[in-house]
Amino acid sequence: MSARILDGTEVAAVVKEEVSKAVADLAYQPGLATILVGDDPASHSYVRGKRRDAGQVGIRSIHHELPDSIDQIELTALIESLNADDDVDGILVQLPLPGDLNGESAVETIDPAKDVDGLHPFSLGKLMLGQPGLRPCTPSGVMRLLDHYDIGTAGSRAVIVGRSYLVGRPLAMLLLERGADSTVTVAHSRTVDLPAVTSEADILVAAAGSPGLIKAEHVRPGATVIDVGVNRTDDGLVGDVDFGAVVEVAGAITPAPGGVGPMTRAMLLANTLRAAEARRGVG
Ligand code: GUN
């Protein structure tokens, strides 16, 4: 039997509609600043998408495009000027940064109140403590997708493949939080006998950046499979899951593209709204 398809494009549209309505009710227009350094085509395409999404929900986009010849000091100065700009509610530095520029240091320069990517150590610390805060967009998009399709996490066994600070680690914390209550395993490139570990999962999240890593043998029949992978190959963009094989085994599965990607972008808008409300004492 073929798995239920978890349609990220459709759920992202629901989130965007919610954000759009909330923005229309505000007495001001939230502003999202994006910083793009260098000429990586993938980064340009991502930021273009984020800015277009912002426009669709009534969020003002403030865009800074910089050559890869800039140095860390100039980048820091730009971020500090955006921190000080009252019309800017959220700041996003598109990662990775080219050359010797330090992405972590750039993110640490962002005012945590404007950290709509949820990647500042302050935001990640709040997540670790289980305190309210801005959450990273991809993990919160995965949680929203599960919630939308009524896929219960309490008492479930969740296995995440990938330990990045963008996805794997923060998602583990979200699934562990009270209310989500999963039992979480984080597997990675050094995990021994990956299929034995992943086939324990009720919820299997592939976030390893390895095209087609997860095959039918990795998946317990009926499990929910979430594909976070975005891999550029000669065959175009492919996920971490061998969709054609796994769709026959899983109970529910995200397509890639059209699964987690649109959710990530939608959660950025939701975070920008939250940051704007929090900064201005609304909501
Ligand atoms: N590059 C890949 N994913 C992300 C993300 O979530 N945020 C930023 N800023 N850059 C990224």
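Just so you know, residue 1 is the first one in the sequence shown, and it goes up from there. Computed from a predicted model, the values in this text were never measured in an experiment. First listed ligand is number 1; within each ligand, the first listed atom is number 1.
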Testing Leu78, Thr34, Leu75 for side-chain contact (heavy atoms from CB on, under 4.5 Å) with His64, which one passes?
->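 That would be Leu78; it is the only one of Leu78, Thr34, Leu75 passing the side-chain contact (heavy atoms from CB on, under 4.5 Å) with His64.
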Would you check whether Thr138 reaches within less than 4.0 Å of ligand 1, judged by its heavy atoms?
-> no
Check whether any side-chain heavy atom of Ile226 lies under 4.5 Å from a side-chain heavy atom of Val260, and answer yes or no.
->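 They are in side-chain contact.
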Answer whether the closest heavy-atom distance between the side chains of Asp7 and Tyr149 falls below 4.5 Å.
-> yes
So for Leu95 against ligand 1, with non-hydrogen atoms under 4.0 Å, the contacting part is both
Answer side chain, backbone, both or neither: which part of Val93 comes under 4.0 Å from ligand 1, heavy atoms only.
->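 For Val93, the contact with ligand 1 is made by the backbone alone.
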Give me the other members of the hydrophobic cluster that Leu237 sits in, counting Ile, Leu, Val, Met, Phe, Trp and Tyr linked by side-chain heavy atoms under 4.5 Å, directly or via other members.
->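 Traced through the cluster, Leu237 reaches Tyr46, Val230.
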Tracing side-chain links under 4.5 Å among I, L, V, M, F, W and Y, which residues wind up in one group with Leu129?
-> none
Contact (N/O only, under 3.5 Å) between Asp117 and ligand 1 | yes
Option of least heavy-atom distance to atom 5 (C) of ligand 1 (set: Val116, Leu166, Thr34) | Leu166
